[in-house]
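Single-structure report; data block below.
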Amino acid sequence: MSRIAYVNGQYVPHKDAAVHVEDRGYQFADGVYEVCEVWRNTIVDMPRHIDRLDRSLRELSIGWPMARAALEFVLREVVRRNRVHDGIVYIQVTRGVSRRDHFFPGEDVVPSIVVTARATSPRAGDSAAEKGISVITYPENRWPRVDIKTVALLPNVLAKQAAKEQGSKEAWYFDSKNNVTEGGSTNAWIVTKDGTLVTRPAESGILRGITRAVVLDLVEREGISFEERPFSVEEAKEAREAFVTAASTLVMPVVKIDDTILGNGHPGSVATRLRELFHTATDFLAV
Ligand code: PLP
């Protein structure tokens, strides 16, 4: 079966899907994106992702490419046409196509939109979670507006590539105070020696993850001891357990930070439980 992408109003074969050379996303990274999990034919937390897309667009004064209901339809349609049972759906909106010039283009320029979807193997995710992943620490190299989910991901690409070259799956950024901010494409969590779950507040330095929000709902529901506060690289290395969250990885245990093995080197009980319970706390709509 051939893959289908949605590009500016049309469903096209994925292999032919293209944007104009003067798309501002291509030339200036002048655009934003979202990644939603698809789970059992449903788009998980679609309303929360679209709310965050709306916020990212507003922060950058980029217009909506279509009505919200139309976007919801397109997301479901791309998932359906690609027969994605489990996987991800990707949405990218840029400021549109215009002669290359740093200034915003005129009102006549419409935003560009691309939606793609692909299947992933839930079993592969679960078997990675059974082992846990390792992360490296990496000095913060991004602009301060990391709360906006822009496609300007070159710093994240460099951090994650450095992780890969050291045999790790993720890079945990640390700021000038040596506090962990977040991963290159995930939010970061630890469980301290006394069993308290800790994650950094989303007011600054991180993207307010949708998966993070679902986990916070779960933490409240399950009565897990929790503190929202910055934590340092040293504290993380002394933690009982750690994990990362993102729509594409859900709750993924971390068993090693740089050369430090956490706890007994196996995924911790809090991460494992939150992963198991995750879909009991998500909002999703049928495709
Ligand atoms: N932080 C960064 C930098 C990300 O790129 C992502 C996801 O792509 C996240 C956190 C997690 O966000 P979410 O849970 O909404 O996928």
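Each ligand, and each atom within it, is numbered from 1 in the order the structure gives. Along the sequence shown, the residues carry numbers beginning at 1. Keep in mind that what you see is a predicted model, and the values were worked out from it rather than measured.
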Looking only at the side chains, is there a donor atom on one of [X] and [Y] sitting less than 3.5 Å from an acceptor on the other?
X: Glu227; Y: Thr196; value: no
X: Thr211; Y: Thr245; value: no
X: Lys169; Y: Ser134; value: no

Worksheet item: So does Glu182 pair up with Arg142, basic N to acidic O under 4.0 Å?
Response: yes

Worksheet item: Salt-bridged, Asp54 to Arg52, with N to O below 4.0 Å?
Response: no

Could you go through ligand 1 and note, for every N or O atom, any protein N or O atom closer than 3.5 angstrom, writing the atom names and distance to 0.1 Å, or 'none'?
residue  : atom   : partner : partner atom : Å
ligand 1 : 1 (N)  : Glu182  : OE1          : 2.6
ligand 1 : 8 (O)  : Lys149  : NZ           : 2.8
ligand 1 : 14 (O) : Ile210  : N            : 3.3
ligand 1 : 14 (O) : Thr211  : N            : 2.9
ligand 1 : 14 (O) : Thr211  : OG1          : 2.6
ligand 1 : 15 (O) : Arg52   : NH1          : 2.8
ligand 1 : 15 (O) : Arg52   : NH2          : 2.9
ligand 1 : 15 (O) : Ile210  : N            : 2.8
ligand 1 : 16 (O) : Ala247  : N            : 2.9

Discussion item. Can you see whether Phe104 has Arg95 sitting over its ring - NZ or CZ less than 6.0 Å from the centre and within 45° of the normal?
Written reply: yes

